[in-house]
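Heavy-atom basis, side chains included; hydrogens, waters and symmetry copies ignored. Just so you know, residue 1 is the first one in the sequence shown, and it goes up from there. Note that the structure is predicted; figures quoted are calculated from it, not measured.
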Amino acid sequence: MAGSIVIIFDFDRTLIEDDSDRWVITNMGLNELFHQLLRTLPWNSLMDRMLEELYNRGKTIDDIVECLKGIPLHPHVIAVIKSAHALGCDLKVVSDSNLFYIKTILEHNGVYNCFSEITTNPALVDGGRLRIFPYHDGASSHGCDLCPPNLCKGRVIQQIQSSISENESKKVIYVGDGMNDFCPTLKLVAGDCIMPRKNFPLCGRILKNSQLVKAKVYEWSDSEDLARILLKLINSKSNEDQISLSTTQS
């Protein structure tokens, strides 16, 4: 019965404890250049510039992969991903990171195939260097003042919602932490759930604008907490569906 649940995860500081962009910057010796350029480029362009610098320094794609493999994915998070997938939940990622980082990390931890969809900034290997591009390009600016120009997560959530058939009863659970997770929060409806990380920007934004949020709010503090609450919500929805099915059949 958990097949009636769509779980959408942010990636950085949600599925993983760290920020994947900053992990690469710090662990591959780019901190000084990063801070020099931080205020001169949009984040997406800055990350592409950092990867260009790695290429110029002789770092290979394999070097970047090895760096990304060092990012910890908590065992409890791995376990709840596998459990939710086995129960039939539809798992998705919507992230302002990039596809190369996310795919590498999830594959390394054996859970990439648990996700039906990953929406993020595209990445490709071009002549031996990794390139990062915005999900929304300049020609199709999303026009949302709550989101950065490269990705409006709210628009992505609306696309996911529109793909759900009218005769399907789907509950959406959104898990996130950052300011750019507020826009998708506003797209959720009554019966959905939002799981903001305690003491992170999304949680504060929700508290200040609670009248705008229709979904039920379940705060979490760390990876163990995330896994515990998420599994509880999945089981709760499955039990509701079972009762509803029994009532219909009787």
Side-chain angles (χ1 to χ4, degrees), residues 1-24 27 65-120 153 156-157 160 170-178 181 184-185 188 191-200 202-203 206 215-243:
M1 301 307 294
S4 61
I5 301 174
V6 180
I7 307 174
I8 304 170
F9 295 94
D10 174 43
F11 190 70
D12 294 319
R13 305 197 188 283
T14 299
L15 272 180
I16 61 173
E17 283 284 350
D18 289 272
D19 180 287
S20 54
D21 286 332
R22 290 185 179 272
W23 177 277
V24 171
N27 288 278
V65 168
E66 287 306 308
C67 179
L68 291 169
K69 287 180 178 180
I71 297 179
L73 189 60
H74 197 283
H76 283 79
V77 172
I78 294 174
V80 79
I81 289 171
K82 291 181 176 179
S83 295
H85 176 66
L87 288 168
C89 296
D90 183 7
L91 308 183
K92 303 178 186 292
V93 173
V94 179
S95 168
D96 204 18
S97 180
N98 68 78
L99 186 58
F100 186 89
Y101 286 9
I102 294 172
K103 184 177 180 181
T104 298
I105 295 165
L106 294 181
E107 282 185 336
H108 177 64
N109 288 278
V111 292
Y112 175 70
N113 290 332
C114 293
F115 294 88
S116 66
E117 185 177 7
I118 295 176
T119 304
T120 185
K153 292 186 176 185
V156 175
I157 296 304
I160 293 171
K170 293 276 188 177
K171 174 178 182 175
V172 175
I173 302 174
Y174 188 96
V175 192
D177 72 289
D181 293 310
T185 295
L188 302 179
D192 291 338
C193 299
I194 174 67
M195 290 180 57
R197 190 170 186 177
K198 291 180 182 178
N199 302 317
F200 278 72
L202 175 61
C203 197
I206 289 175
K216 294 181 181 179
V217 179
Y218 298 86
E219 299 177 4
W220 58 280
S221 57
D222 56 27
S223 294
E224 291 186 29
D225 210 22
L226 183 159
R228 178 183 60 80
I229 294 171
L230 185 56
L231 194 57
K232 186 176 181 180
L233 290 175
I234 293 169
N235 289 332
S236 174
K237 174 61 176 172
S238 297
N239 291 336
E240 288 175 10
D241 288 348
Q242 190 65 51
I243 292 172

Enter the distance from [X]:[atom1] to [Y]:[atom2] here, rounded to the nearest 0.5 Å.
X    : Y    : atom1 : atom2 : answer
N199 : E219 : CG    : CD    : 8.0 Å
T14  : F9   : OG1   : CZ    : 9.5 Å
S20  : I105 : OG    : CD1   : 5.5 Å
S95  : I8   : OG    : CD1   : 13.0 Å
I234 : S4   : CD1   : OG    : 10.5 Å
R197 : E17  : CZ    : CD    : 4.5 Å

So does [Y] get a backbone contact from the side chain of [X], meaning a donor-acceptor N/O pair under 3.5 Å?
X    : Y    : result
D192 : V172 : yes
D222 : E224 : yes
W23  : C67  : yes
S221 : K198 : no

Would you say the side chain of [Y] lies within less than 4.5 Å of the side chain of [X], judging by non-hydrogen atoms?
X    : Y    : result
W220 : L230 : no
I173 : Y218 : no
I118 : L99  : yes
Y101 : T120 : no
T185 : V217 : no
V111 : L73  : yes
L233 : M195 : yes
N98  : D21  : yes

If you compare all heavy atoms of [X] against all heavy atoms of [Y], which two are closest, and at what distance to 0.1 Å?
X    : Y    : answer
A227 : V80  : O-CG2, 3.7 Å
R22  : D19  : N-OD1, 2.9 Å
G191 : K171 : O-CG, 3.4 Å
C193 : L188 : O-CD1, 3.7 Å
D10  : G176 : CB-CA, 3.8 Å
D177 : F200 : O-CB, 3.5 Å

Determine, step by step, whether K170 and D90 satisfy the salt bridge (Lys or Arg N to Asp or Glu O under 4.0 Å) criterion, reporting the C-alpha distance in whole Å, the side-chain angles of both residues, the deciding distance to 0.1 Å, and the verdict.
CA-CA 10 Å; K170 293 276 188 177; D90 183 7; 5.6 Å; no
Pair K92, T119 - check side-chain contact (heavy atoms from CB on, under 4.5 Å), show working.
CA-CA 8 Å; K92 303 178 186 292; T119 304; over 6 Å; no
Residues T104 and K69: side-chain donor-acceptor under 3.5 angstrom
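No donor-acceptor contact under 3.5 Å links the two side chains.
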If you apply the rule side-chain contact (heavy atoms from CB on, under 4.5 Å), what do you find for L15 with F115, and how did you get there?
CA-CA 12 Å; L15 272 180; F115 294 88; 4.0 Å; yes
